[in-house]
Amino acid sequence: MKGLSLTRFLNSRNCYRPTLIRSFSDNNDNRTEHPHPIQRTFKLLRNDMRKIKKFLTPSIKQHEEVEEEKTHVGITDENEFQTHCDVLVIGGRGVGASIAYWLKKKARDGLNVVVIERDYPLLNNKACLTLPVGGLHQQFLLPENIEMALYGAEFMRNSKEKLGVDVNFDPQGFLTLASEENAETLKRMSQIQNEFGARTEILTPERLKVKYPWLNVEDVALGCQGLERHGWFDANNLLFGLRSRASDYGAHFIKAELIDFEFQSDTDVVVESGTTVNTYRALDKAIVKTPNGDTRTIKFAICVLAAGSNSEQIARLAKIGTGPGILKVPLPIQRRNCCSHILSTDAINTPGLGTPCIVDLNGLYFRRDGLTGNYIAGLTNCTDSNNENVPEQNHFENNVLQHLMHRMKTFKKPHVIETWESFYEYNVFDENGILGPHSYYNNLYIATGFSALGLQQSPAVGRAISELIIDGQFRTIDLTRFGFDRIILDQPIFDYAFM
Ligand SMILES: Cc1cc2nc3c(=O)[nH]c(=O)nc-3n(C[C@H](O)[C@H](O)[C@H](O)COP(=O)(O)OP(=O)(O)OC[C@H]3O[C@@H](n4cnc5c(N)ncnc54)[C@H](O)[C@@H]3O)c2cc1C
């Protein structure tokens, strides 16, 4: 049934009409030799038997074994490589896995959804994960961001029911501090947040002193505290839950790297660009490299670009930023490097269990790591161009320590237990997500650029993309303003998030 909605939607966008792919018989991929059909059938049966055996013989496993197993959950066996699909999602972390989850949850067998991810197993890969922070807040100015974050909180709270995995949402709140210069903005933001259902309250320095005696408020004009829907969650569990539930619903997660696209010309459609007229060329196939070095193709009806900080490079493979006309406009995503530090301290009377995540005037964030008694700190403003790719040596000592010691009255010199370095997808145009169809390709959707908020926004983003693909329009939160068109029209929409 949902497949029909998809066709209706594609027809309604009246130029190129990709055909939904259902059959394997027209596979003209001659790049790799395929096994004999009987051999392939036996391999599939063997895999099924293994799955049944695993289901019938549960065993008590060590923690490490469970974690190791989690990294492989949902990854499609290479014998089940999909050469054709309805929707191909590029990137299988928070945003990509959420898109697959939502598409399959809604359409089930009506859509064949394939996710390609080059970096499995990724849940153990410290270089590319943002495990310690997992922050979730609604302290924005734009209603779209507030609404997405509210939905994120609802999703995290009900994660056990939705994903079968508890992401352990810890609603300890977020406290944003502002100087005189930003105090009015903070007040205005809090008003808008409350209008949209996010509970935040403004605190004077006097009230802050009473609530948090360990906080130095000498240079603070106001604080804005986000209450029950603000907090943090286990990002690892979220990624695992989204991927495993999407896979239960039938999504195929394939370990492969997208290296190029193939195009298909549609002579019935012409594209005018200035004085020149060109034939429309649709995206048709993804060329991917599998772990054993083979190059294979996947034909798709629709492609969704959710490759985080690598999205701009992939967009270039689709001639976005290098082609004529609208295609001259690049996807404005850059890779930015960021560090989070886990700290311990011997000091007494340090912030206790009810401490919110504090976002300071200068971009310092700081929170307690629950019952461990450790703390997590870092800087949100890791967006300088010289901080783009190379993580700095002694990042904590050079950048974080002095801010932390200034703000936390009771903190004695903390020791860094662990530092996590990671990249995120920074939208250099206006720092907000880019979400929706590409203005030239009617079978390409973009979902990236959430600039350090991609995990908390991922449930709402996945749902929004599934609405566009299946229903042809946003049904829950209207995210039209976040579309790629704003970049072509040079109409940035700025938020004023402190984190
Ligand atoms: C230190 C730090 C702290 C953060 N804290 C928070 C926080 O508290 N809350 C929050 O919500 N967000 C936070 N973020 C941001 C968050 O991690 C990102 O916004 C989020 O990971 C984006 O998700 P994504 O799926 O769009 O992209 P990614 O997580 O980058 O995933 C993209 C995937 O695409 C894959 N890929 C790329 N190219 C290819 C290719 N050619 N072929 C196949 N696969 C490909 C990559 O391997 C990758 O796995 C933080 C980021 C950092 C760095």
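As the structure lists them, so they are numbered: ligands from 1, and atoms in each ligand from 1.
- If you look at Asn310 next to ligand 1, the close heavy atoms, those under 4.0 Å, all belong to the side chain.
- Ligand-side atoms of ligand 1 in range of Ala306: 32 (C), range being under 4.0 angstrom from any heavy atom.
- Under 4.0 Å from ligand 1, not a single heavy atom of Ser458 appears.
- Note: an N/O pair closer than 3.5 Å links Gly135 and ligand 1 by distance alone.
- Residues passing the ring pair (Phe, Tyr, Trp, His ring centres under 6.0 Å) test with Tyr375 are Phe366, Phe411, sequence neighbours excluded.
- Although no hydrogens or angles enter the test, the distance criterion places a donor-acceptor pair under 3.5 Å between the side chain of Gln193 and the main chain of Phe140.
- Within the set Ala256, Ala452, Ala286, the minimum heavy-atom distance to atom 6 (C) of ligand 1 is found for Ala452.
- Just one of Arg199, His230, Glu147 meets the side-chain hydrogen bond (donor to acceptor under 3.5 Å, both in side chains) condition when paired with Gln138; it is His230.
- In this structure, His438 and Tyr440 have perpendicular ring planes: the angle between them is above 60°, well past the 30° mark.
- Cation-pi geometry between Arg281 and Phe263 is met: the NZ or CZ atom falls under 6.0 Å from the ring centre, inside 45° of the normal.
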Going through the checks in order, is the salt bridge (charged side-chain N to carboxylate O under 4.0 Å, His left out) test met by Arg481 and Glu144?
CA-CA 9 Å; Arg481 289 203 299 169; Glu144 289 92 334; 2.7 Å; yes
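- When heavy-atom distances to ligand 1 are checked against a 4.0 Å cut-off, Val288 has no atom that comes that close, whether in backbone or side chain.
- When heavy-atom distances to ligand 1 are checked against a 4.0 Å cut-off, Glu425 comes that close only through its side chain, counted from C-beta outward.
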